[in-house]
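Below, each value reflects all heavy atoms present in this structure, side chains not excepted, and no hydrogens, waters or symmetry copies.
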Amino acid sequence: MARRLSPPGEHVDLATHLRGKADMISGQGLAVRKAVGDVVASLPAGRAVLVACSGGADSLALAAALGHVASRARRLAGAVTVDHGLQQGSAARARNVAASMVALGLDPVEVVHVRVDAGAEGPEGDARRARYAALDAAAERCRAAAVLLGHTRDDQAETVLLGLARGSGARSMSGMLDSAGLYRRPLLHLPRATVRAAVPDGLVPWDDPHNTDPAYARARVRQRVLPALESELGPGIGAALARTADLLRADADALDDWAERALTDHRLDASTDLDVGALGGLPKAVRWRVLRRAAIAAGSPPTDLTAAHVEAVDALVTRWRGQVGVDLPGKLRASRSGGALRIAPLD
């Protein structure tokens, strides 16, 4: 359920205070404004830009910068705050966040209440899925060109470490994208300390207790793992991990493009069977990507298809001993007959 706010009179004092402070900005604030301004300038004119704001320091700084940039560019800019309903008082807190967005000059401002259904992704993943669905819907209602997210370089470093812990390859460790479809992350190359120092006086950030709850893997990385790495290896670990993400993403993009071409080039005749001889001549990094793509194209759910499944299929290509085949998620079987590899539904 979405509720749109209009600028009410009771927030005039805060708005007046923020306007009075608009020109008294730190170097950190200028860095944030520049990052936001560069993204806004790249978007199609005549359409709104939205910011997703939880009320935390990062998204408040982002929203304040968007309000300033949009005002100077005479650009329509609004905000969305999502109430997941997972904590006591969350609805009232969402209303307070929305009031701050109004005071920053953003319009339209929407409060969206969502229901987080338990699923296979765990509490963090389930909340994320509900949040992005709400943001997608808000963007459609407003015909927005983009939704800005407040992820910082520190968030990127945490994402890389979590990907490393999963052991699922370069793509998993390549982190978040600056731009992904509707979403933009203007602050992804700025450290969290810089972003948080840019929160205007008069705005009080909300500290989400989930960010420090050791029940959540990301909270443990933030509170324990990264500080330990900084202590043992020296400062700059966050920046180094973010650079690693950029390098791995470039590598993964190149390998994915190669694999996509190979999947087409190495099919036998007009069938979906793959040429085993051609596959065997590919580097392992490319071959495994081809096999994964072939399985997904045949109907295997990507979330269920593991590296162990791909490795077993690869054995049909590189370690052929007459195996009968490999069962895959989605009720599929990979099998080899002579020089052909086939992935098809189980009989």
Side-chain angles (χ1 to χ4, degrees), residues 25-36 52-65 84 86-87 121-128 131 148-178 180 183-201 203-252 307:
I25 186 163
S26 64
Q28 293 93 334
L30 289 173
V32 172
R33 284 184 182 178
K34 183 182 185 308
V36 173
C53 187
S54 66
D58 300 338
S59 59
L60 277 181
L62 176 62
H84 300 86
L86 297 176
Q87 298 169 352
E121 300 175 73
E124 290 176 285
D126 297 335
R128 186 185 308 112
R131 179 167 62 255
L148 307 188
L149 304 175
H151 297 113
T152 68
R153 191 176 70 189
D154 297 70
D155 294 308
Q156 184 76 302
E158 295 160 10
T159 301
V160 174
L161 285 176
L162 289 167
L164 177 64
R166 286 193 293 269
S168 48
R171 180 60 71 188
S172 180
M173 291 185 290
S174 63
M176 296 175 282
L177 294 168
D178 297 276
Y183 295 95
R184 304 290 186 276
R185 295 181 173 91
L187 313 181
L188 199 57
H189 299 286
L190 293 176
R192 184 176 290 142
T194 295
V195 174
R196 295 193 168 188
V199 176
D201 291 341
L203 292 180
V204 180
W206 170 62
D207 291 321
D208 186 346
H210 285 167
N211 289 336
T212 56
D213 186 345
Y216 296 95
R218 184 174 289 271
R220 295 195 297 274
V221 168
R222 180 174 300 181
Q223 297 293 315
R224 301 175 185 173
V225 178
L226 271 172
L229 288 174
E230 293 273 359
S231 174
E232 296 298 325
L233 301 178
I237 293 298
L241 287 169
R243 286 195 302 273
T244 297
D246 291 339
L247 294 170
L248 286 171
R249 189 180 312 111
D251 290 348

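- Scanning all heavy atoms of the two residues, the minimum distance from G234 to I237 falls at O-CG1, 3.4 Å.
- Residues satisfying the side chain to side chain donor-acceptor pair (under 3.5 Å) criterion with T194, sequence neighbours excluded, are absent altogether.
- When all heavy atoms of P214 and R224 are compared, the pair lying nearest together is CB-NH2, 3.3 Å.
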(request) Please step through side chain to side chain contact (heavy atoms under 4.5 Å, CB included) for the pair L161 and L229, ending with a clear verdict. (result) CA-CA 11 Å; L161 285 176; L229 288 174; 4.0 Å; yes

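- Within the model, atoms OG of S59 and CG of L148 stand 11.5 Å from one another, a figure rounded to the nearest 0.5 Å.
- Between L241 and L226, the closest side-chain pair of non-hydrogen atoms falls below 4.5 Å.
- With rounding to the nearest 0.5 angstrom, the OH atom of Y183 is 11.0 Å from the NE2 atom of H151.
- By the side chain to side chain donor-acceptor pair (under 3.5 Å) test, R184 pairs with S179, sequence neighbours left out.
- With rounding to the nearest 0.5 Å, the separation of CD in Q223 from CD in E158 is 9.0 Å.
- A pairwise comparison of heavy atoms in L60 and G55 identifies CD1-O, 3.5 Å as the closest pair.
- Heavy atoms only, all atoms of each residue included: V36 and A65 are closest at CG2-CB, 3.8 Å.
- Looking at residues two or more places apart in sequence or on another chain, you find a side chain to side chain donor-acceptor pair (under 3.5 Å) between R249 and D246.
- Atoms CG and CZ, on L248 and R171 in that order, are 9.5 Å from each other to the nearest 0.5 Å.
- Here S174 pairs with nothing under the side chain to side chain donor-acceptor pair (under 3.5 Å) rule; sequence neighbours left out.
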(request) Before giving the answer on side chain to side chain contact (heavy atoms under 4.5 Å, CB included), spell out for R218 and T159 the whole-Å C-alpha distance, their side-chain angles and the decisive distance to 0.1 Å. (result) CA-CA 8 Å; R218 184 174 289 271; T159 301; 3.0 Å; yes

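- Partners of T152 according to the side chain to side chain contact (heavy atoms under 4.5 Å, CB included) rule, which considers only residues two or more places apart in sequence or in another chain, are D58, D154, D155, R192, V195.
- The distance from the OG atom of S54 to the CG atom of D207 is 10.0 Å, given to the nearest 0.5 Å.
- In this structure, the separation between CZ on R222 and CG on L162 is 10.0 Å, given to the nearest 0.5 Å.
- In this structure, R153 and P191 approach most closely via the heavy-atom pair NH2-CB, 3.6 Å.
- When all heavy atoms of A57 and V199 are compared, the closest pair comes out as O-CG2, 3.3 Å.
- Residues in residues 227-245 take part in no side chain to side chain donor-acceptor pair (under 3.5 Å) pair, two or more places apart or across chains.
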